Amino acid sequence: MSEKNILILGEFSSGKSAFLNMLLQVPILPERLSSTDLPIVRIRSGKPAGIWIIENNQEYPEPIESWSEIPNDWDQLSFAEITISGHPL
């Protein structure tokens with residue numbers, strides 16, 4: 001089966017993270033953030049589970065421990081990624 005992509009867009013503080021946490025039945029995205037706290041986030045099933053950042057021109061993702069480690073300067077980031085081990089995404 002080929003990978004499918006779904007884009008979730010919405011205004012600031014409209015419940016996007018809460019909606020995705022509910023839909024996935026896993027509280028993986030932080031809620032109640034300021035308007036500039038997260039870059040584009042890709043969510044997928046995979047191992048190892050974790051939060052990753054992928055910088056521009058970087059071949060492999062870099063693991064981070066928490067959302068607070070996301071750099072404020074997103075110009076250097078392609079996106080952030082969450083992998084959930086064993087989830088039927």
Side-chain angles (χ1 to χ4, degrees):
M1 176 184 248
S2 66
E3 185 175 290
K4 305 289 186 226
N5 293 307
I6 298 172
L7 179 64
I8 306 292
L9 298 172
E11 292 190 26
F12 169 66
S13 199
S14 61
K16 298 175 296 296
S17 294
F19 170 74
L20 287 169
N21 286 340
M22 183 211 47
L23 182 68
L24 296 171
Q25 298 180 346
V26 180
I28 55 173
L29 291 169
E31 298 177 33
R32 295 182 180 92
L33 299 174
S34 69
S35 63
T36 59
D37 283 342
L38 293 177
I40 293 172
V41 178
R42 180 170 69 179
I43 304 169
R44 65 183 186 88
S45 180
K47 289 185 180 180
I51 306 171
W52 313 84
I53 56 172
I54 294 82
E55 295 183 7
N56 296 333
N57 303 319
Q58 183 179 351
E59 188 172 346
Y60 299 103
E62 177 183 333
I64 61 174
E65 292 295 319
S66 75
W67 291 109
S68 63
E69 294 180 44
I70 297 278
N72 291 333
D73 181 12
W74 297 356
D75 291 342
Q76 301 301 314
L77 287 182
S78 292
F79 56 91
E81 179 175 88
I82 301 170
T83 52
I84 307 171
S85 182
H87 197 282
L89 290 173

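Please read these numbers as outputs of a predicted model, since none were measured by experiment.
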Pair Leu29-Ile82, side chain to side chain contact (heavy atoms under 4.5 Å, CB included): steps then yes or no: CA-CA 9 Å; Leu29 291 169; Ile82 301 170; 3.5 Å; yes
Could you walk me through whether Leu7 and Asn5 pass the side chain to side chain contact (heavy atoms under 4.5 Å, CB included) check? CA-CA 7 Å; Leu7 179 64; Asn5 293 307; over 6 Å; no
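Of the inter-residue distances, the one linking Ile84 atom CD1 with Leu24 atom CG reads 5.0 Å to the nearest 0.5 angstrom. Note that the CG atom of Leu20 and the CD1 atom of Ile43 stand 5.0 Å from one another [nearest 0.5 Å]. To the nearest 0.5 angstrom, Asn57 atom CG is 7.0 Å from Ser78 atom OG. Residue Ile53 holds its CD1 atom at 12.0 Å from CD of Glu81, rounded to the nearest 0.5 Å.
When the side chains of ILVMFWY residues are joined at heavy-atom separations under 4.5 Å, either directly or via intervening members, Trp67 and Trp52 end up in two distinct hydrophobic clusters. Both Val41 and Ile6 belong to a common hydrophobic cluster when Ile, Leu, Val, Met, Phe, Trp and Tyr are linked at side-chain heavy-atom distances under 4.5 angstrom.
Counting all heavy atoms, side chain and backbone alike, Glu65 lies closest to Ile51 at O-CD1, 4.5 Å. The two residues Glu11 and Lys16 come nearest to each other via the heavy atoms O-NZ, 2.9 Å. Between His87 and Val26, the shortest heavy-atom contact is CD2-CG2, 3.8 Å. Considering every non-hydrogen atom in both Pro48 and Thr83, the closest pair reads O-OG1, 2.6 Å.
Using a distance-only test at 3.5 Å, with no hydrogens or angles considered, no donor-acceptor pair links the side chain of Ser17 to the main chain of Glu31. No donor-acceptor distance shorter than 3.5 angstrom exists from the side chain of Ser85 to the backbone of Lys47, with no hydrogens or angles considered.
More than 12 heavy-atom neighbours from other residues, nucleotides or ligands sit within 6.0 angstrom of CG on Asn56. Heavy atoms of other residues, nucleotides or ligands lying less than 6.0 angstrom from CG of Leu23 number more than 12.
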